[in-house]
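For reference, the structure is listed below as structure tokens.
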Amino acid sequence: MSESDTSRHFITDIIDEHAASGRFDGRVHTRFPPEPNGYLHIGHAKSICLNFSLAERYGGLCNLRFDDTNPAKEEQEYIDAITEDVRWLGFDWGERLYFASDYFDQLYDMAVELIRIGRAYVDELSPEQIREYRGSLTEPGRDSPYRQRPVEENLALFEKMRAGGFKPGEAVLRAKIDMAQGNINMRDPVMYRVLDAAHPRTGDKWKIYPMYDFAHGQSDSIEGITHSICTLEYEDHRPLYDWYLHTLEIYHPQQIEFARLNLSHTVLSKRKLIRLVAEGAVAGWDDPRMPTLAGMRRRGYPPAAIREFCEAVGVGKVKGVVALHKLEYHIRQELNRTANRVMAVLNPLKVVISNYPEDQVEYMEAVNNPEDASAGTRQTPFSRVIYIERDDFMEAPPRKFFRLAPGREVRLRYAYFITCEEVIKDEDGEIVELRCRYDPATRGGAAPDGRRVKATLHWVSAAHALPAEARLYDTLFTEENPESDSDADFTAFINPDSLRVLDPIYLEPSLSGAQPGERYQFERLAYFVVDADSSAEKLVFNRSVTLRDQWRKLQKRAAKPRKSRKKRRPSVKES
RNA sequence: AGCGAGGUAGCUCAAUUGGCAGAGCAGGUGCCUUUGGAGCACAAGGUUAAAGGUUCGAGUCCUUUCCUCGCUGCCA
């Protein structure tokens, strides 16, 4: 059992079969083929991890190839962002950065070849007519009147298309397959169309551009790809993928389809993500609430955690929605191992330790990461006036609230035991300050007499506190599946409280000089990352994910009407 | 309706290819600590969509039924 269960799946089965039968001579060569028309998101991460890790596992290679066959939608900005994101995720394509547009000349020659052998023709039907002639899901299509043109005429017309002799929509090159097939992709699919846009890489060299179906398989073939892995919606395209390669009589990779990743509480379609950006629901593609890799990077998610998550989700052919909890579990798992601990107070409550000398400052030794001894320790200042978390005090504590309350003793982490003696309120009755006394014998947090306390609080010395800004993120949508309601637009479920800004929060001074991208655990609260908006004057922190919160669970349960504790009896009829 | 794919625990996936249906997460219960918002342990969770068939034996093979999803761009 050296291999974990999640690392084997139906695709490794297929690869093993190929290895056994000798197809591809035991080679494994995959590719990740993004279209540069948007930013990569967590769904792409699954595909990236799959393709690269499969190659690595079998000692093969994985290419990065841009599917840039539609200049009307594609931009250099996206090419740059995508390469950065794949690299950030932790994968290396070596020298093998390719573009479908690298193959435009070869693709053109292949099209000419299909015309020569009578398997392609130039169609001058209008787009509307082509749709009409295509038939429907239940009715067969009809042959285009241009279908039987002689080879020479097709050759001349296709050359005319290339030379700019047709405007967009006036002519297309079509494969001659079968207008009666149940699979609509086989009803004489368009191979080339006339497009009027400048291409980010080939400029205005071409007036005609190949369709995805006519470019993808041959690109795979040219690169010697063995396993061309794509998502389920391409299942219907596999017969066409195979037809082009077979008819062209060129090297023939195997297309394999798997179920794309869906995540709860978000949307993962490019169209919808573009709307979120365009309509201002988020601040941009890298807004920390976005499921994009750029957003997750800014949110402080470690790439290793995303890789672990993709591995844990597994790969299958069943569509489903993975709970956001699962992603967060892996984020915490990784951050727990790697993030340094630090004390920060988000909602400050002033505490005066009345018996502590006015001008005294002590430096307390604090552990940076209990999970990693090599992270070392630091000194953090303690003095007479400190801030604690407002939530850590209750005047009338309910059962199971173990933190500070009138007359109660708790520990200040790495410092002293304190006992609350007085609650000071303003005219409105709001608590503005606590008076406590400390026990000098408990320095460091342990009582020599062995007496115990039930809670340990984090704190920050008021005189040394570093004010900062915290951005607390919650799910972008209130619904598990914002797309499930066919009546309401998904934007109706945008969470109005997905971003809460706290300013100021107070940090222990060791955080001064923290750099963007650095990740910390604010003890007892959550993991945070330094945002790029930080300046020398003020640090800005994004909350990546909270710690697991059993207290909140208890509260939620207490708030809910009490459910029957009885176990369900399956034998009892409920209808 | 046509073509294609799929239905195993709340969720995501396993089940050595026909041999006692398992794991992670979530949820539950408990333990413990200088994070009582870290950590750990335990238990629970199933008529494998349904029916029939083959077989000593079926999640797996066969038949039928039901349900879900994708496909009618000159998008990818």
Side-chain angles (χ1 to χ4, degrees), chain A residues 4-6 8-9 13 33-35 37 67-70 72-74 123 125-127 130-132 134-141 168-174 180-187 189-195 208-209 211-213 215-216 230-239 257 259 261 264 270 312-323 325-330 332 336 341 343 366-367 370-371 391 400-403 411-415 444-446 452-458 480 521-526 546-554 567 570:
Chain A
S4 77
D5 287 337
T6 50
R8 283 210 57 83
H9 43 73
D13 288 348
E35 185 193 9
N37 70 341
D67 246 329
D68 56 347
T69 55
N70 187 356
K73 292 185 173 180
E74 296 153 6
D123 197 349
L125 251 26
S126 72
I130 287 184
R131 194 187 326 125
E132 244 177 79
R134 188 155 33 225
S136 73
L137 294 180
T138 51
E139 294 160 309
E170 287 181 348
V172 291
L173 183 70
R174 292 230 255 170
Q181 283 243 345
N183 181 345
I184 291 170
N185 292 306
M186 299 298 271
R187 318 236 266 229
V190 172
M191 293 162 57
Y192 267 92
R193 76 289 214 191
V194 178
L195 246 36
I208 56 172
Y209 291 91
M211 297 288 289
Y212 163 85
D213 286 303
H216 199 88
C230 58
T231 48
L232 253 25
E233 66 267 31
Y234 291 99
E235 270 169 336
D236 290 341
H237 292 247
R238 178 153 33 93
E257 310 85 14
L261 173 70
S264 73
K270 273 184 197 167
V313 160
V315 21
K317 300 197 71 147
V318 188
K319 294 170 200 177
V321 181
V322 179
H325 282 300
K326 192 159 186 136
L327 210 210
E328 293 184 336
Y329 167 83
H330 289 279
R332 290 190 187 102
N336 181 43
R341 274 60 168 175
M343 289 197 284
V367 175
E371 305 289 320
D391 289 350
K400 293 211 172 183
F401 182 90
F402 297 127
R403 290 115 89 168
R411 173 168 39 236
L412 294 177
R413 174 143 240 227
Y414 301 123
R452 315 189 73 148
V453 289
K454 286 216 157 191
T456 302
L457 310 187
H458 60 276
E480 228 170 82
Q521 184 196 105
F522 290 0
E523 291 218 41
R524 302 208 306 136
L525 297 171
T546 61
L547 262 26
R548 281 175 57 205
D549 191 342
Q550 292 181 54
W551 169 247
R552 214 163 73 184
K553 254 198 299 205
L554 277 177
K567 288 235 171 93

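Residue numbering restarts at 1 for every chain, and letters A, B, ... go by the order of the sequence lines.
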Determine the contact category for [X]: base if any of its heavy atoms lies under 4.0 Å from a base atom, sugar-phosphate if only primed atoms, P, OP1 or OP2 are that close, otherwise nothing.
{"X": "A/R131", "value": "sugar-phosphate"}
{"X": "A/Y192", "value": "nothing"}
{"X": "A/H237", "value": "base"}
{"X": "A/A446", "value": "base"}
{"X": "A/L137", "value": "base"}
{"X": "A/Y234", "value": "base"}
{"X": "A/V321", "value": "sugar-phosphate"}
{"X": "A/L327", "value": "nothing"}

Which label fits A/Y212 and A/H237: parallel for a plane angle under 30°, tilted from 30 to 60°, or perpendicular past 60°?
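Because their plane-to-plane angle is over 60°, the rings of A/Y212 and A/H237 count as perpendicular.
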Given [N], is OP1 or OP2 found less than 4.0 Å from the side-chain N or O atoms of [X]?
{"X": "A/R187", "N": "B/G73", "result": "no"}
{"X": "A/T69", "N": "B/A76", "result": "yes"}
{"X": "A/R403", "N": "B/G37", "result": "yes"}
{"X": "A/R411", "N": "B/U33", "result": "no"}
{"X": "A/Y212", "N": "B/C75", "result": "no"}
{"X": "A/R134", "N": "B/C74", "result": "yes"}
{"X": "A/T456", "N": "B/G36", "result": "yes"}

Between B/A44 and B/G4, how far is it from one C1' atom to the other, in whole Å?
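Straight-line distance between the two C1' atoms is 40 Å.
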For nucleotides B/G46 and B/A9, find the distance between their P atoms and express it as a whole number of Å.
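Nearest-Å result for B/G46 against B/A9 at atom P: 10 Å.
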Counting only Watson-Crick or G-U wobble pairs whose two distances fall under 3.5 Å, which nucleotide matches [N]?
{"N": "B/A5", "answer": "B/U68"}
{"N": "B/C25", "answer": "B/G10"}
{"N": "B/U60", "answer": "none"}

Quick check for you: among [options], whose closest atom lies nearest to any side-chain atom of [X]?
{"X": "A/N185", "options": "B/C71, B/C25, B/C75", "value": "B/C71"}
{"X": "A/R193", "options": "B/G39, B/C74, B/A26", "value": "B/C74"}
{"X": "A/R524", "options": "B/U33, B/A76, B/U35", "value": "B/U35"}

Decide side-chain hydrogen bond (donor to acceptor under 3.5 Å, both in side chains) for A/E35 and A/N37; before the verdict, give the C-alpha distance in whole Å, the side-chain angles of both, and the deciding distance to 0.1 Å.
CA-CA 6 Å; A/E35 185 193 9; A/N37 70 341; 2.9 Å; yes
Residue mapping more 5' on RNA chain B - nearest nucleotide basis, A/L195 or A/K454
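First, find each residue's nearest nucleotide; the 5'-ward one identifies A/K454.
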Take A/L457 and A/R452, find for each the nucleotide of RNA chain B with the closest heavy atom, and name the residue whose nucleotide sits nearer the 5' end.
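Final value for this comparison: A/R452.
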Checking A/H330 now: which residues fulfil side-chain hydrogen bond (donor to acceptor under 3.5 Å, both in side chains) with it, not counting sequence neighbours?
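Not a single residue meets the side-chain hydrogen bond (donor to acceptor under 3.5 Å, both in side chains) criterion with A/H330.
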No-H, no-angle donor-acceptor pair, A/E139 side chain to B/U72 base, under 3.5 Å:
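No, no donor-acceptor pair under 3.5 Å.
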Indicate, yes or no, whether a donor-acceptor pair under 3.5 Å links the base of B/G70 to the side chain of A/D236.
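Answer yes: a donor N or O sits under 3.5 Å from an acceptor.
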